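One structure below.
Remember, it's a predicted structure, so these values are computed and weren't measured experimentally.
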Amino acid sequence: MGRTGKKRSESKCVKAENCRKKIEDSAAREEQIFASAVAAVFLCLLVYTITFVIIAAFQAVGRGVEPFVLSILHKGSLDIVLLLILRRLAGVERILWAAPTAEIIALVTGIIMLSVFWKKSNMRYAQAR
């Protein structure tokens, strides 16, 4: 009976060690997800600041379509579509990258719109001279 009791206690120790490792792995995984979330939020703030300036520039010159399109892109249709796509492709842990991705796409679109507008404005100015 001494041997079976010893085996049981050894078995409990092995199980406890496995549980401890699982808990440590789980904690490390949660830290990774949190760090990724912080990075995503930080990236969103940087990119949205530039996008907001582009939206404000269009509004300042009386343009209405461009700011509307950029607003819909960064927090409307594109955000939701990217949430669904990233969930399917990369899993639930990666869906938080949908917002920065939408912001970057909106920023690139805004830069393109701004450059087209700038070229048209310069052409009009050159023709007026």
Do [X] and [Y] have side chains that approach each other closer than 4.5 Å (heavy atoms only, starting at C-beta)?
X	Y	answer
Ile55	Glu66	no
Phe58	Val65	no
Ile111	Ile50	no

Connected via hydrophobic side-chain network under 4.5 Å: [X] and [Y]:
X	Y	result
Leu82	Leu70	yes
Leu78	Leu96	yes
Met113	Ile104	yes
Leu114	Val61	yes

Where do Pro100 and Cys44 come nearest, in terms of heavy atoms and distance?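 Where Pro100 meets Cys44 most closely, the heavy atoms are N-SG, 3.3 Å.
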For Phe52, is the CZ atom crowded, meaning more than 12 foreign heavy atoms sit under 6.0 Å from it? no
First locate atom CD1 of Ile54, then atom CG of Leu107, and finally report the distance between them rounded to the nearest 0.5 Å.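 These two atoms lie 5.0 Å from each other.
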Provide the full list of side-chain hydrogen bond (donor to acceptor under 3.5 Å, both in side chains) pairs with a residue in residues 101-110, sequence neighbours left out, each pair given once. His74-Glu103
Under the side-chain contact (heavy atoms from CB on, under 4.5 Å) rule, collect the residues that match up with Leu83, sequence neighbours excluded.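 Applying side-chain contact (heavy atoms from CB on, under 4.5 Å) to Leu83 gives Ile95, Ala98.
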Which other residues end up in the same hydrophobic cluster as Phe68, if Ile, Leu, Val, Met, Phe, Trp and Tyr are linked when side-chain heavy atoms come under 4.5 Å apart?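 Members other than Phe68 - counting any ILVMFWY side chain reachable under 4.5 Å - are Ile72.
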